[in-house]
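Report on one structure; see the data block that follows.
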Amino acid sequence: MASDLKVEAILARVASHDTQISPGEVKDYYRSNREAFFIPEQRSACHILISTENQYSHLPKNSPLSRIRKIHALLLESPGRFGEQARRYSDCTSSPDGGKLGRVKPDELCPELNQVLFTLREGELSDTIETPLGFHLLYCEKIHPRQPMIFADAYLKIRQLLGREKKLRSCREWIESLLADQ
């Protein structure tokens, strides 16, 4: 254990030399790897949860499935009432804001919700979705297509990546030089 810490300390010291990354290196990397820097498609979404865990529900205990089906039927007729229904019935923390989740990135929600949300069209209401928490409805307000990341947004990410690569290269070269001397 102590020897592992010594090795790590030595490697960290070796890696600390020559780790400066110039703005030109960052810009060159960005130009050469533009396809790696994009903002994934996102969805502006709203959510209603009827909890099956009664301890979280503020409503009297009756069939959560029955309640979500009634809300769903109402929203199919009047989608504009989603916020009102979320504020009134949802057990989600987003309920005070009308169920608004804001912009959602892929894999930000639980898998069951994520899978449904990213198949909805803009302005579309989901069917009832069941998860261990309860029954959910999702509404896709807007689809924000995938777009290239501008250089300023990618800059820090690239700098960190190039810094790690440079540190690894320094460590590798140092170890190779030690081995070559033997």
Side-chain angles (χ1 to χ4, degrees), residues 26-27 29-165 168:
V26 175
K27 193 164 218 141
Y29 189 90
Y30 177 76
R31 285 185 185 140
S32 300
N33 298 282
R34 253 196 189 138
E35 70 285 347
F37 299 98
F38 63 91
I39 299 167
E41 178 181 296
Q42 298 175 18
R43 306 282 172 113
S44 291
C46 297
H47 174 245
I48 292 175
L49 163 66
I50 302 299
S51 178
T52 52
E53 299 179 3
N54 204 33
Q55 70 218 31
Y56 299 118
S57 182
H58 60 278
L59 298 171
K61 183 172 178 149
N62 61 18
S63 170
L65 182 57
S66 169
R67 280 190 277 148
I68 200 80
R69 284 181 176 159
K70 286 178 185 172
I71 294 168
H72 187 257
L74 176 89
L75 292 175
L76 286 174
E77 296 294 318
S78 305
R81 295 181 66 186
F82 196 98
E84 165 204 316
Q85 295 298 298
R87 278 187 289 281
R88 189 168 181 192
Y89 297 113
S90 183
D91 293 317
C92 181
T93 56
S94 67
S95 65
D97 196 25
K100 290 189 181 291
L101 298 176
R103 279 191 178 204
V104 178
K105 299 174 190 163
D107 300 321
E108 199 169 16
L109 300 175
C110 71
E112 300 93 339
L113 298 181
N114 187 71
Q115 182 180 358
V116 171
L117 179 59
F118 282 87
T119 61
L120 293 175
R121 293 184 306 270
E122 199 167 293
E124 188 175 13
L125 176 67
S126 73
D127 288 330
T128 300
I129 308 157
E130 185 175 3
T131 71
L133 289 176
F135 297 100
H136 309 255
L137 293 175
L138 289 170
Y139 178 73
C140 179
E141 288 186 307
K142 184 163 179 59
I143 297 174
H144 307 277
R146 175 184 168 182
Q147 59 186 356
M149 187 180 291
I150 61 171
F151 177 69
D153 291 341
Y155 186 85
L156 285 177
K157 186 177 180 180
I158 295 170
R159 226 181 113 110
Q160 290 171 342
L161 173 74
L162 292 177
R164 279 193 305 271
E165 286 178 0
L168 284 171

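Scope of the values below: all heavy atoms of this structure, side chains included, with no hydrogens, waters or symmetry mates.
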Contacts of P106 meeting side-chain contact (heavy atoms from CB on, under 4.5 Å) (sequence neighbours excluded), chain-then-number -> P40, F118
Side-chain (E122) to main-chain (I143) donor-acceptor, under 3.5 angstrom: yes
Considering only residues two or more places apart or on different chains, which pairs with a residue in residues 32-48 satisfy salt bridge (Lys or Arg N to Asp or Glu O under 4.0 Å)? E41-R43
Between CD of Q85 and SG of C46, what distance do you get to the nearest 0.5 Å? 13.0 Å
Does S94 have any side-chain contact (heavy atoms from CB on, under 4.5 Å) partners at least two apart in sequence or in another chain, and if so, which? H47, C92, L101
CD1 (I48) and CD1 (I68) are apart, to the nearest 0.5 Å, by 6.0 Å
Can you name the ring pair (Phe, Tyr, Trp, His ring centres under 6.0 Å) partners of F135, sequence neighbours left out? none
Partner set under side-chain hydrogen bond (donor to acceptor under 3.5 Å, both in side chains) for D107, not counting sequence neighbours: N114
What is the minimum heavy-atom distance between A86 and S95, and which atoms define it? O-CB, 3.2 Å
Residues two or more places apart in sequence or in another chain: which of them pass side-chain hydrogen bond (donor to acceptor under 3.5 Å, both in side chains) with T131? H136
Just how far is it from atom NE2 of H72 to atom OG of S126, taken to the nearest 0.5 Å? 6.0 Å
Sequence neighbours left out, what pairs pass salt bridge (Lys or Arg N to Asp or Glu O under 4.0 Å) with at least one residue falling in residues 132-146? K100-E141
Any side-chain heavy-atom pair from L113 and V104 closer than 4.5 angstrom? no
Using the side chain to side chain contact (heavy atoms under 4.5 Å, CB included) rule, take L125 and L138 through it: C-alpha gap first, then chi angles, then the decisive distance, then the call. CA-CA 6 Å; L125 176 67; L138 289 170; over 6 Å; no
Going from CG on L76 to CG on L74, what distance comes out if it is rounded to the nearest 0.5 angstrom? 9.0 Å
Is the closest side-chain heavy-atom distance between L137 and T128 below 4.5 Å? yes
What donor-acceptor contacts under 3.5 angstrom involve side-chain atoms of residues 149-161, with partners at least two apart or in another chain?
none

In this structure, CG of D97 is separated from OG of S90 (nearest 0.5 Å) by 11.5 Å
By side-chain hydrogen bond (donor to acceptor under 3.5 Å, both in side chains), R81 pairs with (sequence neighbours left out) E84
For Q115, what residues pass the side-chain contact (heavy atoms from CB on, under 4.5 Å) criterion, not counting sequence neighbours? none
Can you list the residues that meet the side-chain contact (heavy atoms from CB on, under 4.5 Å) rule with K105, with sequence neighbours excluded? Q42, E108
Once side-chain hydrogen bond (donor to acceptor under 3.5 Å, both in side chains) is applied, do any residues pair with S66, and if so which ones, sequence neighbours excluded? none
For L117 and C140, which heavy atoms make the closest approach, and how far apart are they? CD1-CB, 4.3 Å
Distance in Å, E130 CD paired with I50 CD1, rounded so as to fall on 0.5 Å steps: 13.5 Å
